[in-house]
Amino acid sequence: MLPPFLSLPHPSPSPSSSPFYDTIFHHPSPIGPIRCLWWPSKSKRTPPSFALLFIPGNPGILDFYTQFLTAIHEKDTTSSFSIFAHSHIGHSPQLDQQHSSQYTNYSLTTQVESALQAFDAITSFLEQPAKIVIIGHSVGAWIALQVLKHRFPNIKAVFLLFPTITHISQTPNGVWLSHFFTPLPRYLISTLSHFTRLIPHMFLSMIFGSWPAPHILALRTLLNSPQSIRAAMTMAHDEMHNIVDLDVELLKKHRELLYFYFAEKDDWVGEYKGMILEAFKEDIACLRVTDGMADIPHAFCISELWRSNAINGC
């Protein structure tokens, strides 16, 4: 069953054998249409009563996460569980080329508003009382916390995977990459993407030899889209300036709903993992934290290693 707030592209890129639908969610203007993926519940008779809202990292290329989310969907034993993966504004190259005039704002504030509208849509569709779990990866974890702040009553749990939720500009990666997200560098980099069409696919396969083939194709599609690169870098620039002080009050207020998954080494989190855990020092015994294995990176979704390790921890 496809929810009424989603529509299929024409032609739909989802093969009949796919476990999910590749869809479009039509936000009200000025946000416009956003690419989404929908895993329907195994019961076809009624709307599901339980759903997972997935919010990706940056760039929000949903193709990087399909294997991970499909693996979660396959674990369902209830037959009333669905997954709704929602991209970020401007991060869907093929869709954005068709609707480029509708995108004017890639800020974090607008991305949060987009996620809230997606949450409201899935809440209205579910069989009541609705039960929703949110998973946020990287900056998606920060956005997930903003959704929790504004939509608390209907949320049953929030999983924060490799969470970049405080002082991101001061992490090791933030320190050396933040300069590239400023206006002039991102203009130059997005303009250069016109030339990536000349790069042979075999060359990318050699450089990213450990990546699954569909992920290399998704990367190529991103590299060939100046608009999507500009959107991702603009959003990253906003992250550097606005993801600063840890919202300790929010974390403490909803600590019973939160689950954390940290990498053993994560240069997008750095030493701030300790700060996050310090916020719960009085309740550390009941804190649900999983420390990942050394071979599970921040960008776990482009690695095959999560299959035997990460998904069991999450």
Side-chain angles (χ1 to χ4, degrees), residues 31 34-37 53-66 68-69 85-96 103-116 118 134-147 158-183 185-187 189-190 193 208 211 215 218-244 261-263 266-270 272 297-303:
I31 296 178
I34 299 289
R35 184 191 179 205
C36 297
L37 302 180
L53 172 62
F54 180 78
I55 305 174
N58 184 4
I61 305 299
L62 295 180
D63 300 278
F64 290 157
Y65 299 94
T66 55
F68 173 67
L69 294 173
H86 183 268
S87 185
H88 299 309
I89 302 165
H91 292 217
S92 303
Q94 295 174 337
L95 180 63
D96 297 337
Y103 296 114
T104 58
N105 191 332
Y106 308 121
S107 69
L108 271 179
T109 300
T110 307
Q111 303 291 4
V112 170
E113 178 58 31
S114 174
L116 287 170
I134 304 177
I135 295 182
H137 172 227
S138 192
V139 68
W142 186 87
I143 295 174
L145 287 176
Q146 308 315 303
V147 177
V158 179
F159 290 81
L160 308 175
L161 310 184
F162 311 89
T164 57
I165 57 177
T166 181
H167 293 291
I168 187 172
S169 67
Q170 297 178 31
T171 64
N173 279 352
V175 168
W176 79 274
L177 286 175
S178 59
H179 305 291
F180 293 98
F181 303 142
T182 54
R186 70 172 178 253
Y187 170 77
I189 293 171
S190 62
S193 75
F208 302 98
W211 289 28
H215 293 177
L219 173 64
R220 184 178 185 86
T221 304
L222 172 64
L223 292 177
N224 292 349
S225 174
Q227 179 183 344
S228 296
I229 291 175
R230 185 166 58 252
M233 296 183 74
T234 301
M235 179 178 170
H237 181 65
D238 211 26
E239 293 170 32
M240 300 298 122
H241 290 273
N242 290 286
I243 301 180
V244 186
Y261 189 98
F262 291 101
D266 190 338
D267 286 340
W268 280 114
V269 176
Y272 292 102
H298 180 90
F300 77 98
C301 52
I302 57 177
S303 169

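Basis for what follows: all heavy atoms, side chains included, without hydrogens, waters or symmetry-related copies. If you're wondering where the values come from, they're calculated on a predicted model, not measured in any experiment.
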From [X] [atom1] over to [Y] [atom2], what is the distance, rounded to the nearest 0.5 angstrom?
{"X": "Phe162", "Y": "Phe262", "atom1": "CZ", "atom2": "CZ", "result": "10.5 Å"}
{"X": "Asn224", "Y": "Ile229", "atom1": "CG", "atom2": "CD1", "result": "8.0 Å"}
{"X": "His237", "Y": "Asn242", "atom1": "NE2", "atom2": "CG", "result": "9.0 Å"}
{"X": "Ile143", "Y": "Ile134", "atom1": "CD1", "atom2": "CD1", "result": "11.0 Å"}
{"X": "Leu222", "Y": "Ser193", "atom1": "CG", "atom2": "OG", "result": "8.5 Å"}
{"X": "Ile89", "Y": "Leu108", "atom1": "CD1", "atom2": "CG", "result": "10.5 Å"}

[X]: ring pair (Phe, Tyr, Trp, His ring centres under 6.0 Å) partners, not counting sequence neighbours:
{"X": "Phe180", "value": "none"}
{"X": "Phe181", "value": "none"}
{"X": "Phe54", "value": "Tyr65"}

Any non-hydrogen side-chain atom of [X] less than 4.5 Å from a side-chain atom of [Y]?
{"X": "Leu53", "Y": "His86", "answer": "yes"}
{"X": "Leu160", "Y": "Leu145", "answer": "yes"}
{"X": "Leu177", "Y": "Trp268", "answer": "yes"}
{"X": "Val139", "Y": "Gln111", "answer": "no"}

Parallel, tilted or perpendicular: rings of His88 and His91 (30°, 60°)
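The arrangement is perpendicular - the two ring planes meet at more than 60°.
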
Look at the side chain of Ser87 and the backbone N and O of Gly60, then say whether any donor-acceptor pair between them is shorter than 3.5 Å.
yes

Using every non-hydrogen atom in the two residues, find where [X] and [Y] come nearest and quote the distance to one decimal.
{"X": "Leu161", "Y": "Phe68", "answer": "CD1-CZ, 4.0 Å"}
{"X": "Arg186", "Y": "Arg230", "answer": "CD-O, 4.4 Å"}
{"X": "Gly90", "Y": "Tyr106", "answer": "CA-CE2, 3.9 Å"}
{"X": "Asn58", "Y": "Ala232", "answer": "ND2-O, 2.9 Å"}
{"X": "Glu113", "Y": "Ile31", "answer": "CG-CD1, 4.3 Å"}

For the residue pair Thr171 / Asn173, report whether a side-chain donor-acceptor contact shorter than 3.5 Å exists.
no

Using the rule given for side chain to side chain contact (heavy atoms under 4.5 Å, CB included), can you reason through Leu69 versus Leu37, listing the C-alpha separation, both sets of side-chain angles and the distance that settles it, and then say yes or no?
CA-CA 10 Å; Leu69 294 173; Leu37 302 180; 5.6 Å; no

Could you please spell out the steps behind the side chain to side chain contact (heavy atoms under 4.5 Å, CB included) verdict for Thr234 and Asp238?
CA-CA 6 Å; Thr234 301; Asp238 211 26; over 6 Å; no

